[in-house]
*Asks:* 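Got a structure for you, written out below as structure tokens; questions coming shortly.
Residue indices begin at 1 and follow the sequence shown. Values below: all heavy atoms of this structure, side chains included; hydrogens, waters and symmetry mates excluded. Quantities reported herein were computed from a predicted structural model and do not represent experimental measurements.
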Amino acid sequence: MRTAENAAELSRTLASLPAGERVAVVDPRFVGHRHSLRLGLTDPRFAAAAIPGALTVTGPERGALAAALTQDTRARQAAAAAADPARDPEAARPVAAPPAAGLADRLADRLTAAGVAVHRPELGTLVARVPEDETARAQALREVAAVDEEAVRLRSAVKSRDGFFTTHFVSPYSRYLARWCARRGLTPNQVTTASLLTALIAAACAATGTRGGFVAAGVLLLCSFVLDCTDGQLARYSLQYSTLGAWLDATFDRAKEYAYYAGLALGAARGAGDDVWALALGAMVLQTVRHIVDFSFNEAHRPALTAAASGGADPGVAAPAVSLSGRLDTIGWTVWARRMIVLPIGERWALIAVLTALTTPRVTFTVLLIASAFAGCYTTAGRLLRSRRLPATTPESAGALAALTDSGPLAGLLGRVPARAASGGPLTSTLWALAGTVLLVGVVLLPDVAGSWFAPLAALGYAFCAGQALVAPLRKPFDWLLPPLFRIGEYVTILVLAARLQAEGEVNGALPGAFGLVAACAYHHYDTVYRLRGGAGAPPRRLVLATGGHEVRALVITAAAALWATGQGFTVALAFLAGALALLVLGESIRFWISSQAPAVHDESGEPA
């Protein structure tokens, strides 16, 4: 910490510090809670942040801070010269009476005016003041003493918007667990890793196929979820955000859930000889498609949704569904009911844990599929109704949607065939994507087609439709449907081919191989989502080309089924593709998330996972 007697000395001090270092400017008269300073000055997610009397910037915005300080100094010199030409406005003065009252606040305002995104955290009941005299200082100190700072930290560690189960059955005590971890020097990443290990042990218990193993699995899955809540609360409590933590938090939830599905399927086969791999894969497909629906819709209409949330939307844009949602928010119990209906991660894991302990894996997956299907229909219907009156997407959102489609070189090549006009109606791209998905899935569902060459021909038609869907930029209100439609086309094709060939007794072990392949594809698609949500852009094009895109993978899978409709060739092909894809996407993902380009983000939206 360094003390500057005047603005000129402050400027020299800032210039002497290493260029990449975070710096903070704090008014010496500042009075407030320490946690106010933590919120304003130590959050690594923001390049610039400010609270009353304090400002911080990181390396990228150091130049803007220096320019703002120069502008402020010149403005004060000009004002002082106009008022008293004989007076030196930069004469040394005691720190207790700084040369520029409210300098940190003025610098923050100048940065904002220059286009710098200055984060101003919500302080709530916390105090941050710059008193102008002793009376104001005494009043500020009384306000500081009247607030229980630790209680505020514990409350702010919990998301302001979360699911019913998490809010009422986990957060009331997990916040204290987060504080316990913070006081012992544990990091959020360590807690996240502990949550993963606990879930993997739960999956191993489920794989035993015994009643005791199922009970232990259910209990451990709930413990894993408590730790999953604790890591985020620890990050908010101690403001320990990191790029690696963002990657772990974003991907481990899916890894835990899918590993648990696999454990249940293994346990069912070992304990009762019941093959539920198709149900396990169906649950994974449905859950992933549901998430892609949410992510795609929010990405496509982010500006309009942000404006609506802040009350600044054009009244002509508000759809009846939005108005109804707003009215329902005024009725307390409907808020919780709607959050439970969408089956967020807390409710979903509690349901899985209880059913695992009390019933069989088949019952667990059946109930989960029914509940997830209902939740998916509810959320998708609401998004379709809202899309009718939402404006066209921005060019940035169109680019994000194109990245979410995960279309490869074959779709790009077939998209050059002049089968449609570049400009079309509001549903042109969506109808092309729907036609391709219906063609592919419909054909593989036909009897005796799974192991024939009709399936690869349908995959070529699917690739052609995918290419035509992407001829024009995805800026129409319903274009957000393309990513989930393509996920359905690819995932369901893999599921149906593996289930059909295994059920006919021609191929052994196809469904576990298909489970691994869809898990690798889903990881790739989730990784794309979290990069886009962090503002880091889509994965490099070379990765999409190396993985082939969804249409090439669909063609390869259907061709493999036709080539090796009997024996173990199809199973080997599935396992090989799953391993190769996992190595490609995991390698690139790990490289990115530990690099300096990765965003230091945590999900604070409260959106169900």
*Asks:* Under the side chain to side chain contact (heavy atoms under 4.5 Å, CB included) rule, what do Trp593 and Thr251 come out as? Steps first, then yes or no, please.
*Replies:* CA-CA 11 Å; Trp593 285 103; Thr251 57; 5.8 Å; no
*Asks:* Any heavy-atom pair between the side chains of Phe295 and Tyr530 that's under 4.5 Å?
*Replies:*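 When only atoms from C-beta onward are counted, Phe295 and Tyr530 do touch, with a gap below 4.5 Å.
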*Asks:* So, the side chain of Glu299 versus the backbone of Ala400: is there a donor-acceptor pair under 3.5 Å, distance only?
*Replies:*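 Side chain of Glu299 to backbone of Ala400, a donor-acceptor pair under 3.5 Å: no, none is there.
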*Asks:* Answer yes or no: is there a side-chain heavy-atom contact under 4.5 Å between Arg120 and Thr112?
*Replies:*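 Arg120 vs Thr112: side chains touch.
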*Asks:* From Leu368 CG over to Leu286 CG, what is the distance, rounded to the nearest 0.5 angstrom?
*Replies:*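 Between atom CG of Leu368 and atom CG of Leu286 there are 8.0 Å.
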*Asks:* Please report the closest heavy-atom contact between Leu200 and Ala259, naming both atoms and the distance.
*Replies:*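 Taking Leu200 first and Ala259 second, the nearest heavy atoms are CD2-CB, 3.8 Å.
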*Asks:* I'd like to know if the side chain of Thr430 and the backbone of Phe478 have a donor-acceptor N/O pair within less than 3.5 Å.
*Replies:*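 The answer is yes, because a donor-acceptor pair under 3.5 Å joins these two groups.
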*Asks:* Under 3.5 Å, side chain of Thr380 to main-chain N/O of Cys377, donor-acceptor pair present?
*Replies:*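 The answer is no, because no donor-acceptor pair under 3.5 Å joins these two groups.
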*Asks:* Give me the atom names and distance for the closest heavy-atom approach of Ala450 to Arg500.
*Replies:*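 Minimum heavy-atom separation between Ala450 and Arg500: CB-CB, 3.7 Å.
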*Asks:* Looking at Val293, is its backbone amide N or carbonyl O close enough to the side chain of Ser296 to form a donor-acceptor pair, meaning the two atoms are under 3.5 Å apart?
*Replies:*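 No; zero donor-acceptor contacts below 3.5 Å.
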*Asks:* Keeping Arg236 on the side-chain end and Ala157 on the backbone end, is there a donor-acceptor pair under 3.5 Å?
*Replies:*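 Yes, because the side chain of Arg236 sits within donor-acceptor range (under 3.5 Å) of the backbone of Ala157.
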*Asks:* Do the side chain of His301 and the main chain of Pro477 share a donor and acceptor less than 3.5 angstrom apart?
*Replies:*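 Side chain of His301 to backbone of Pro477, a donor-acceptor pair under 3.5 Å: yes, one is there.
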*Asks:* What do the steps show when you test Val529 against His291 for side chain to side chain contact (heavy atoms under 4.5 Å, CB included), and what is the final call?
*Replies:* CA-CA 10 Å; Val529 163; His291 282 154; over 6 Å; no
*Asks:* When you compare the side chain of Leu401 with that of Thr405, does any pair of heavy atoms fall below 4.5 Å?
*Replies:*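 Sidechains of Leu401 and Thr405: no contact.
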*Asks:* Quick check: closest heavy atoms across Ala514 and Leu574, and the distance to 0.1 Å?
*Replies:*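 Looking at all heavy atoms of both residues, the shortest contact is N-CD1, 3.8 Å.
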*Asks:* Determine whether Ile341 and Phe374 make a side-chain contact, defined as any pair of heavy atoms from C-beta on separated by less than 4.5 Å.
*Replies:*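 The answer is yes; the side chains approach within 4.5 Å.
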*Asks:* So do Leu279 and Tyr261 actually touch side chain to side chain, heavy atoms under 4.5 Å?
*Replies:*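 Counting from C-beta outward, Tyr261 and Leu279 never come under 4.5 Å.
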*Asks:* Any Lys/Arg nitrogen of Glu588 or Arg542 sitting under 4.0 Å from an Asp/Glu carboxylate oxygen of the other?
*Replies:*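 Yes, charged N to carboxylate O under 4.0 Å.
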*Asks:* Is the backbone of Phe165 close enough, under 3.5 Å, to the side chain of Glu347 for a donor and an acceptor to pair up by distance?
*Replies:*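 Judged by distance alone, yes, a pair lies under 3.5 Å.
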*Asks:* Could you check if a side-chain atom of Arg348 sits within less than 4.5 angstrom of a side-chain atom of Gln287, using non-hydrogen atoms only?
*Replies:*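 Sidechains of Gln287 and Arg348: in contact.
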*Asks:* Report yes if the side chains of Met284 and Arg254 come closer than 4.5 Å at any heavy-atom pair, otherwise no.
*Replies:*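 The answer is no, as the side chains (C-beta and beyond) never meet within the 4.5 Å cut-off.
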*Asks:* Do Arg339 and Asp162 sit within salt-bridge range, that is, some charged N less than 4.0 Å from a carboxylate O?
*Replies:*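 So Arg339 does not pair with Asp162 through a salt bridge.
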*Asks:* Leu543 and His524: side chain to side chain contact (heavy atoms under 4.5 Å, CB included), yes or no, with the steps?
*Replies:* CA-CA 10 Å; Leu543 178 64; His524 172 48; 3.9 Å; yes
*Asks:* Check the surroundings of atom CZ in Phe454: do more than 12 heavy atoms from other residues, nucleotides or ligands lie under 6.0 Å from it?
*Replies:*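 It does not: Phe454 CZ has 12 such atoms or fewer within range.
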*Asks:* Atom OG1 of Thr56 and atom NE2 of His119: how far apart are they, to the nearest 0.5 Å?
*Replies:*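 If I round to the nearest 0.5 Å, the distance is 11.5 Å.
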*Asks:* Applying side chain to side chain donor-acceptor pair (under 3.5 Å), can you list everything that pairs with Thr288, at least two apart in sequence or on another chain?
*Replies:*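 If we apply the side chain to side chain donor-acceptor pair (under 3.5 Å) test to Thr288, skipping adjacent residues, the hits are Tyr258.
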*Asks:* Would you name the heavy atoms of Val158 and Ser171 that are closest together and state the gap between them?
*Replies:*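 Taking every non-hydrogen atom into account, CG1-OG, 3.7 Å.
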*Asks:* Give me the atom names and distance for the closest heavy-atom approach of Val492 to Val285.
*Replies:*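 Closest approach of Val492 to Val285, heavy atoms only: CG2-CG1, 4.3 Å.
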*Asks:* Go through the steps to decide whether Val57 and Val116 satisfy the test side chain to side chain contact (heavy atoms under 4.5 Å, CB included), and finish with yes or no.
*Replies:* CA-CA 10 Å; Val57 298; Val116 176; over 6 Å; no
*Asks:* Between Thr379 and Arg290, is the side chain to side chain donor-acceptor pair (under 3.5 Å) condition met? List the steps.
*Replies:* CA-CA 8 Å; Thr379 55; Arg290 280 187 56 208; 5.1 Å; no
*Asks:* Between Thr493 and Tyr462, is a side chain to side chain donor-acceptor pair (under 3.5 Å) present by the stated rule, with each step listed?
*Replies:* CA-CA 11 Å; Thr493 296; Tyr462 169 76; over 6 Å; no
*Asks:* Can you tell if the side chain of Phe486 reaches within under 4.5 Å of the side chain of Asp406, non-hydrogen atoms only?
*Replies:*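 A side-chain contact under 4.5 Å is absent here.
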*Asks:* Could you please spell out the steps behind the salt bridge (charged side-chain N to carboxylate O under 4.0 Å, His left out) verdict for Asp527 and Arg531?
*Replies:* CA-CA 6 Å; Asp527 185 60; Arg531 291 189 194 217; 3.0 Å; yes
*Asks:* Look at the aromatic rings of Trp480 and Phe297 and report parallel, tilted or perpendicular, splitting at 30° and 60°.
*Replies:*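 Trp480 vs Phe297 ring planes: perpendicular.
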*Asks:* Inspect the surroundings of CD in Glu21 and state if more than 12 heavy atoms from other residues, nucleotides or ligands are less than 6.0 Å away.
*Replies:*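 Yes, the 6.0 Å shell around CD holds more than 12 heavy atoms from other groups.
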*Asks:* Quick check: does any side chain N or O of Gln468 sit under 3.5 Å from a backbone N or O of Leu414, one acting as donor and the other as acceptor?
*Replies:*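 The answer is yes, because a donor-acceptor pair under 3.5 Å joins these two groups.
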*Asks:* Between Thr528 and Leu404, is there a donor-acceptor pair closer than 3.5 Å when you use the side chain of the first and the backbone of the second?
*Replies:*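 Between the backbone of Leu404 and the side chain of Thr528 there is no qualifying donor-acceptor contact (under 3.5 Å).
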*Asks:* Please name the pair of heavy atoms, one in Pro409 and one in Arg541, separated by the smallest distance, quoted to 0.1 Å.
*Replies:*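 Heavy atoms of Pro409 and Arg541 come nearest at N-NH2, 4.3 Å.
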*Asks:* Please name all residues satisfying side chain to side chain donor-acceptor pair (under 3.5 Å) with Ser195, sequence neighbours left out, ordered by chain then number.
*Replies:*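 Side chain to side chain donor-acceptor pair (under 3.5 Å) check on Ser195 returns Ser224, Lys256.
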